[in-house]
Amino acid sequence: MTLYNRRDLGLLLLRVGTGGVLVAHGAQKLFGWFGGHGLEGTGQFMESVGYRPGRASATAAGLAETGGGALLALGLATPAAGAAAAGAMAGAAVHVPNGFFAQEGGYEYAASLGLAAAGLAVTGPGRLSLDHALHHVADRGWMVPAALGVTAAVTTAVVGMRGRRVRREREGEQEVLFGE
């Protein structure tokens with residue numbers, strides 16, 4: 001008989017909780033479930049904050065959140081799943097100007113999900129996981145830096161392009177120097 005320790009149970013709770021929240025968050029984008037706006041509305045929002053094309057950006061974010069969250073919850077391909085979810089949450093950098101706290105439109109929620117997903121990618125899924133049951137064929141040690149590195153590079157490029165686009169658009173705007 002196999003006994004599971006506190007670490008395995010804690011990782012299970014963290015994986016299922018974080019993964020479940022990510023699945024719901026991504027389903028809002030992809031399908032409009034749970035009060036979300038679906039691809040159309042999310043795409044319009046993403047376009048308005050500089051992620052273009054908006055619908056493709058919404059699809060990519062929704063798939064990374066939903067797919068990464070589902071895989072995290074199952075404990076399958078944990079390095080790739082955690083990295084994908086963390087990358088999607090890093091894309092929420094658009095909320096930084098609103099401050100930290102979520103009630104002010106800040107990045108608190110995205111940071112929490114992203115850090116939890118990245119932590120799971122690094123730590124691994126524990127013994128109560130599909131990765132463990134499948135002898136870690138999709139959870140090798142080399143996969144952790146590879147998944148996080150590729151995700152960091154892609155996320156940096158996407159967020160950087162968005163930042164340059166937003167700065168270029170603002171340069172074209174002039175502020176009113178004197179009130180009327």
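Numbers here are sequence positions counted from 1.
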Closest approach of [X] to [Y] (non-hydrogen atoms, all atoms of both residues):
X      : Y      : value
Gly91  : Thr155 : N-CG2, 4.5 Å
Ala117 : Ala86  : CB-N, 4.0 Å
Ala85  : Leu72  : CB-CD1, 4.5 Å
Ala121 : Pro79  : CB-O, 3.7 Å
Ala64  : Ala84  : CB-O, 3.7 Å
Ala93  : Pro97  : O-CD, 4.0 Å

Supply the atom-to-atom distance [X] [atom1] to [Y] [atom2], rounded to the nearest 0.5 angstrom.
X     : Y      : atom1 : atom2 : answer
Leu9  : Arg127 : CG    : CZ    : 9.0 Å
Met89 : Ser112 : CE    : OG    : 11.0 Å
Met46 : Leu39  : CE    : CG    : 10.5 Å

If you define the side chain from C-beta out and look only at heavy atoms, does anything of [X] sit under 4.5 Å from [Y]?
X      : Y      : value
Arg52  : Arg162 : no
Leu128 : Leu11  : no
Arg165 : Arg168 : yes
Tyr107 : Val94  : no
Glu40  : Arg55  : yes

Counting distance only, does the side-chain N/O of [X] pair as donor-acceptor with the main-chain N or O of [Y] below 3.5 Å?
X      : Y      : result
Arg15  : Leu120 : no
His37  : Thr42  : no
Thr151 : Leu148 : no
Arg7   : Gly126 : no

Using the rule that Ile, Leu, Val, Met, Phe, Trp and Tyr join whenever any side-chain heavy atoms are under 4.5 Å apart, tell me whether [X] and [Y] fall into a single cluster.
X      : Y      : value
Leu134 : Leu71  : yes
Val122 : Met143 : no
Val21  : Val23  : no
Trp142 : Val150 : no
Leu14  : Leu113 : yes

- Do Asn5 and Asp8 pass the side chain to side chain contact (heavy atoms under 4.5 Å, CB included) test, and can you show the C-alpha distance, the side-chain angles, and the key distance before you say yes or no? CA-CA 5 Å; Asn5 62 29; Asp8 293 318; 3.2 Å; yes

- For Thr66 and Lys29, run side chain to side chain contact (heavy atoms under 4.5 Å, CB included): C-alpha distance rounded to whole Å, both residues' side-chain angles, the deciding distance at 0.1 Å, then the answer. CA-CA 9 Å; Thr66 305; Lys29 288 176 177 65; over 6 Å; no

- Query: Are His25 and Tyr109 close enough that their ring centres sit under 6.0 Å apart?
  - Reply: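 Here the rings of Tyr109 and His25 have centres that are less than 6.0 Å from each other.
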
- Output every pair passing salt bridge (charged side-chain N to carboxylate O under 4.0 Å, His left out) with a member in residues 139-158, not counting sequence neighbours, ordered by first then second residue.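 For residues 139-158: none.
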
- Query: How about Phe101: does its CZ atom have over 12 heavy atoms from other parts shown lying under 6.0 Å from it?
  - Reply: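 Check fails, neighbour count at 12 or below.
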
- Contacts of Glu104 that satisfy salt bridge (Lys or Arg N to Asp or Glu O under 4.0 Å) - sequence neighbours left out: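 With neighbours one apart ignored, the set is empty.
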
